Amino acid sequence: MRDRIVAIDVGGTRIRVAVGQADGRIIAQKARATQASQGHERVVDRIVETVRDIVDDWSRVQGIGLAAPGTLDVRKGIVFEAPNLPGMIDYPMQARLQSEFPVPAFIGNDANLAALAEHRFGAGRGVDHMVYMTISTGIGGGIIADGKLFLGWRGFAGEVGHQTLEAHGPRCNCGNIGCLEVLAAGPAIARNARAALHAGRESALRSMVDDNLDKLSTAMVTQAAKAGDPLARELFEHAGYYIGLGIVNLVHILDTELFVLGGGVAINAWDLLYPSLLGTLDRHAMPSMRKGVRIVQAQLGDDVGLIGVLAYVADRLKETEPRVS
Ligand SMILES: [Zn+2]
């Protein structure tokens with residue numbers, strides 16, 4: 001019986017592979033270092049090796065799926081650009097997986113698939129209009145509309161972190177100016193902390209890094225804010241303000257009921273961000289549209305990408321199943 005799905009989650013530091021089921025259950029998993037600096041061909045070889053290590057019986061596997069960061073044409077199965085995987089440009093990932101393994105292969109954007117996972121098995125269960133945002137070193141996302149993952153023309157939809165919030169703001173990694181990501185993700189919080197200390201602001205952060213500002217990390221700012229340091233708290237309020245503005249835009253455009261926030265920064269600094277982003281939503285959203293909108297924490301933790309792939313592969317296989325008339 002073919003009741004197993006193989007899920008691959010490729011990040012900048014780790015390749016994770018799981019064997020699981022359409023109901024989101026993970027049966028076995030294995031991780032390996034991505035070693036992105038060795039080039040994308042080597043990364044793909046390592047993905048293939050990791051899958052071979054974990055799957056011993058292909059007769060039980062119905063499909064395989066891969067989640068990757070970056071821009072992907074999910075229908076043609078091509079990775080256009082993956083910022084954490086240097087050299088992976090216009091790469092025919094689906095065809096490569098298809099040639100290596102004896103089952104149908106699919107690919108998707110990691111944040112999109114995380115949205116699908118939270119919708120089906122996590123904080124978004126039973127909600128038909130949901131946006132998932134992951135806030136860590138970057139800000140990614142996925143849109144659930146009418147109960148389905150909204151992909152857009154080529155599958156690029158859901159880049160909630162690259163909405164322009166400051167037309168004259170700092171330059172983002174994506175090339176645009178003043179994106180939510182460059183204003184509010186982890187590196188922005190650390191960068192703003194360094195700038196404030198350079199400008200002479202007093203803060204416990206200064207002694208935490210022995211006055212060596214290069215050592216300052218987002219985790220340290222989080223720690224200082226939790227201990228009540230006024231500057232550190234202000235920096236999270238500032239980030240929460242921009243995340244709130246991003247949510248206001250999405251409420252106005254999509255009429256979203258539920259926002260599910262995941263990723264290291266959102267989870268570790270939830271109490272620091274939440275009042276600020278909620279206040280921003282209250283002040284900026286049209287009152288009739290703001291009513292009933294909820295913002296909650298993600299529930300699925302580290303495995304969210306893998307669980308998303310399980311759901312996604314199950315969905316795509318259903319689409320291609322021959323219809324019984
Ligand atoms: Zn951007």
Side-chain angles (χ1 to χ4, degrees), residues 10-13 36 67-74 78-91 107-115 131-143 149-195 217-218 221 235-254 256 259-267 269 273 276-277 280-281 284 295 298 304-305:
V10 188
T13 53
T71 48
L72 291 79
D73 186 324
V74 299
I78 292 164
V79 178
F80 284 122
E81 204 185 343
N84 295 327
L85 306 171
M88 192 168 284
I89 291 161
D90 296 344
Y91 189 85
I107 67 168
N109 170 273
D110 55 358
N112 269 216
L113 300 193
V131 169
Y132 170 80
M133 295 170 83
T134 171
I135 303 164
S136 55
T137 47
I139 297 183
I143 299 164
L149 181 63
F150 178 77
L151 290 171
W153 173 29
R154 290 155 298 197
F156 295 174
E159 288 292 353
V160 298
H162 299 287
Q163 49 180 314
T164 307
L165 295 181
E166 290 286 359
H168 304 285
R171 170 87 58 186
C172 180
N173 278 336
C174 75
N176 187 21
I177 300 237
C179 289
L180 171 58
E181 175 171 304
V182 73
L183 295 166
I189 293 166
R191 187 188 66 230
N192 290 338
R194 277 192 288 271
S217 66
T218 315
V221 185
L235 294 168
F236 276 100
E237 270 167 39
H238 193 64
Y241 163 70
Y242 283 116
I243 297 163
L245 283 187
I247 289 174
V248 169
N249 288 341
L250 293 163
V251 166
H252 287 166
I253 295 167
L254 296 169
T256 301
F259 290 84
V260 176
L261 271 47
V265 173
I267 298 299
L273 292 169
S276 165
L277 60 90
T280 306
L281 180 64
H284 290 259
I295 305 170
V304 67

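A quick note: this is a predicted structure, and the numbers were derived from the prediction, not measured. One is the number of the first residue; the rest follow in order along the sequence. Indexing begins at 1, ligand by ligand and atom by atom, following the structure's order.
Panel note: side chain S276, backbone Y241; a donor-acceptor pair is recorded below 3.5 Å. In this structure, the side chain of N176 does not engage the main chain of R171 through any donor-acceptor pair within 3.5 Å. Remark: the backbone N or O of G244 is not paired with any side-chain donor or acceptor of T280 at under 3.5 angstrom.
Excluding waters, the set of protein N/O/S atoms under 2.8 Å from the Zn ion (ligand 1) reads H162 ND1, C172 SG, C174 SG, C179 SG.
By the 6.0 Å contact criterion, CG on N249 is enclosed, its count of non-hydrogen atoms from other residues, nucleotides or ligands being greater than 12. More than 12 heavy atoms of other residues, nucleotides or ligands lie within 6.0 Å of CZ in F80, so this atom counts as buried by the packing criterion.
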With a 3.5 Å cut-off and sequence neighbours excluded, list the donor-acceptor pairs that the side chains of residues 153-161 form with protein atoms.
none

